[in-house]
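All remarks here apply to the structure that follows.
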Protein chains: 2
Amino acid sequence: MAGPGSDRKEAILNTALTLFVTRGFYGTPTSLISKEAGVATGTLFFYFKTKEELIDTLYLRIKAEAAAAMRRGLDDEQDTQGRLRRLWVNAVEWGIKNPAKMQFMEQFAHSPFVSTTAHEEGLSRFSFLHEYVLQGIREGVIRNSDPSLLFCMMASTLASVIARVAEVDDPEVRRTIIEQGMDFVWNGLRAEGVPREKKSRRSTRETVIP
Amino acid sequence: MAGPGSDRKEAILNTALTLFVTRGFYGTPTSLISKEAGVATGTLFFYFKTKEELIDTLYLRIKAEAAAAMRRGLDDEQDTQGRLRRLWVNAVEWGIKNPAKMQFMEQFAHSPFVSTTAHEEGLSRFSFLHEYVLQGIREGVIRNSDPSLLFCMMASTLASVIARVAEVDDPEVRRTIIEQGMDFVWNGLRAEGVPREKKSRRSTRETVIP
DNA sequence: GTAATAATTGACTGACTAGTCAATTTATGG
DNA sequence: CCATAAATTGACTAGTCAGTCAATTATTAC
């Protein structure tokens, strides 16, 4: 346990994650973080000059990880609806597998504890989504609304779907919620004249992983 | 300023509102609240036994006020789409007029600082919305998905629309955002076969206020 | 093996905070 | 005017917390 090589920095970050989401920022003393992480108070401040620097680091890491997870396989999809579906499934799956990180993102997305620079850098990780929406509009598949508004509404819907899915255990119910959420968003986004739903729904995922 | 009759309780609640949204719960000392409200520390604890009781009271009041504002004139509307549009406009208008309260609701909607009983009571104020969604599904106008999921997605979309609208000053741009948000939700909610949009959009509001 | 450096420790400090309480002021009713 | 109750005050307490630092231990380079 002691001695370098056992990376204490990671232990501190992991402990801080769970504590911040369960007790909030001001609600978790640094002394508790270091105690739960199994290090001395001094060690925490050796790696992070302030408590704010700690949450900033955490924030940036999680945002980057989430963005990478959502992006996975997106370029393999041929059309906008396929990309959207892939993105949707990626996001929900990541959210379920990483409930604490998901909660953290929601909780601190607009929080004053995270510095503005960290907020900006975190947001920039998701700029590729913006590009996809723009492309969909250009193709005439997505309705011609303010792309950042569409993105924003999509993201908030996603968050509420993930929250609900996480409350449930039955995989069949989960799939239903995910599908219903997807339908809501797709119908909200799609331009007039674009088919309401693709028949080959479940096959979408099977076609991308041959 | 001194002497009863000048209601200090209201002053405390108002000050707490602005401080809580700008600095968070743990981030605002009770001493600061009382100072900004122009009362002594003891006065705050005379009206609210604990800091938690203060935020609970605030939470319940705001939830009740928001629910009442959203409900206004809803029963005068004849069809589901009309009700949805009315609800939408009510909500956005209230959100713009009361940005601090809006922010407060978002910030503390799932916060552990607010007691579970307050959360439950606050949620119950919005149960009428649940009824409206159910009615829409029964009529075949709203798609047959889990009503509470639909409600939840609608609410989160609403929150992000209000946040965006509040960032903008130009009333024309504001109206556009509100309309685009409404379209997103309506198309996400509506069942197959139901017309995409009502032509008489702006007239909707004029017909209810004769 | 040794010197220089990096990592780690935990007692300690100065500042702050929720809540108390005895004393004081203000309203109320006869 | 007076007595009783309600409202208000602010100094005070007991506890907490972010961050420091001198001392100690481990690592690295030669």
Side-chain angles (χ1 to χ4, degrees), chain A residues 1-59 104 107-108 111-118, chain B residues 1-59 104 107-108 111-118:
Chain A
M1 181 170 278
S6 68
D7 37 8
R8 291 150 144 75
K9 195 176 176 181
E10 300 306 314
I12 292 167
L13 284 166
N14 287 332
T15 311
L17 169 62
T18 50
L19 286 175
F20 282 152
V21 296
T22 51
R23 314 180 37 133
F25 182 72
Y26 281 127
T28 57
T30 53
S31 59
L32 184 63
I33 299 172
S34 50
K35 193 176 158 194
E36 297 262 295
V39 301
T41 40
T43 308
L44 191 153
F45 289 98
F46 174 74
Y47 287 110
F48 309 97
K49 266 206 289 290
T50 63
K51 200 180 173 186
E52 279 76 17
E53 195 178 305
L54 171 59
I55 201 174
D56 263 22
T57 309
L58 205 48
Y59 187 83
F104 182 90
Q107 206 167 102
F108 297 102
S111 151
F113 311 131
V114 176
S115 72
T116 34
T117 53
Chain B
M1 181 170 279
S6 69
D7 37 7
R8 292 150 145 75
K9 195 177 175 180
E10 301 306 313
I12 292 167
L13 283 166
N14 287 332
T15 311
L17 168 62
T18 50
L19 287 175
F20 281 153
V21 296
T22 51
R23 315 179 35 132
F25 182 71
Y26 281 128
T28 57
T30 53
S31 59
L32 184 63
I33 298 173
S34 51
K35 193 176 158 192
E36 298 262 294
V39 301
T41 40
T43 308
L44 192 153
F45 289 99
F46 174 74
Y47 288 109
F48 309 98
K49 268 204 289 288
T50 63
K51 200 179 172 185
E52 279 76 18
E53 195 178 304
L54 171 58
I55 201 174
D56 263 23
T57 309
L58 205 48
Y59 187 83
F104 182 89
Q107 205 167 103
F108 297 102
S111 151
F113 310 131
V114 176
S115 73
T116 35
T117 52

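Worth saying up front: this structure is predicted, and the values here are computed from it rather than measured. A, B, ... follow the sequence lines: proteins, then strands. Residue 1 opens every chain.
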* For A:Y47 and C:dT8, is the shortest distance between a side-chain N/O and OP1 or OP2 below 4.0 Å? -> yes

* Between D:dT8, D:dG19, C:dT9, spot the one nearest the side chain of A:K51, thanks. => D:dG19

* **Trace of the side chain to side chain contact (heavy atoms under 4.5 Å, CB included) decision for A:F113 with A:F20** => CA-CA 11 Å; A:F113 311 131; A:F20 282 152; over 6 Å; no

* To do: Indicate whether OP1 or OP2 belonging to C:dA6 is found under 4.0 Å from a side-chain N or O atom of A:R8.
  => no

* Asked: To the nearest angstrom, how far is B:L32 atom CG from C:dG19 atom C1'?
  -> 16 Å

* Between B:D56 and B:S115, is there a donor-acceptor pair closer than 3.5 Å when you use the side chain of the first and the backbone of the second? -> yes

* Structure fact -> Looking only at D:dG19, D:dT9, C:dT20, the nucleotide nearest the A:T41 side chain is D:dG19

* Given atom CZ of A:F46 and atom P of D:dA26, what is their separation to the nearest angstrom? -> 16 Å

* Which whole-number value in Å describes the distance from B:I12 CD1 to D:dT8 C1'? -> 10 Å

* Asked: Between B:T43 and A:F25, which has a closest nucleotide on DNA chain D that is more 5'?
  -> B:T43

* To do: Whole angstrom is fine here: how far is it from NZ in A:K49 over to P in D:dC21?
  => 15 Å

* To do: Round to the nearest Å and state the distance from B:D7 atom CG to D:dT8 atom C1'.
  => 15 Å

* Asked: Any side-chain N or O of A:T30 less than 4.0 Å from the OP1 or OP2 oxygen of D:dC17?
  -> no

* Out of D:dA18, C:dG10, D:dT9, whichever nucleotide has its closest atom nearest the side chain of A:A40 -> C:dG10

* **Beyond-backbone contact of A:I33 with A:L54, side-chain heavy atoms, under 4.5 angstrom** => yes

* To do: Take the protein atom OH of A:Y26 and the nucleotide atom P of D:dA18, then report the distance between them rounded to whole Å.
  => 10 Å

* To do: Provide, to the nearest angstrom, the distance between the CZ atom belonging to B:F48 and the C1' atom belonging to C:dT20.
  => 18 Å

* Return the value, rounded to whole Å, for the distance between atom CG of B:L44 and atom C1' of C:dT17. => 13 Å

* Return the nearest nucleotide to the side chain of B:S31; candidates are C:dT8, C:dT17, D:dT8. => C:dT17

* Asked: A:V39 side chain: which of C:dG19, C:dT9, C:dT8 is closest?
  -> C:dT9

* Asked: With a 4.5 Å limit on heavy-atom distance, are the side chains of B:Y47 and B:E53 in contact?
  -> no

* Answer with yes or no after comparing the ring centroid distance for B:Y26 and A:Y26 against a 6.0 Å cut-off, counting only values under it. => no

* To do: Side chain of A:F45 only, please: which of C:dG19, C:dG10, D:dA18 is the nearest?
  => D:dA18

* Check every atom of D:dT9, C:dT17, D:dG19 against the side chain of A:T50 and return the nucleotide holding the closest atom. => D:dG19

* Assign B:S34 to base, sugar-phosphate, or nothing according to its heavy-atom contacts below 4.0 angstrom with the strands shown. => nothing

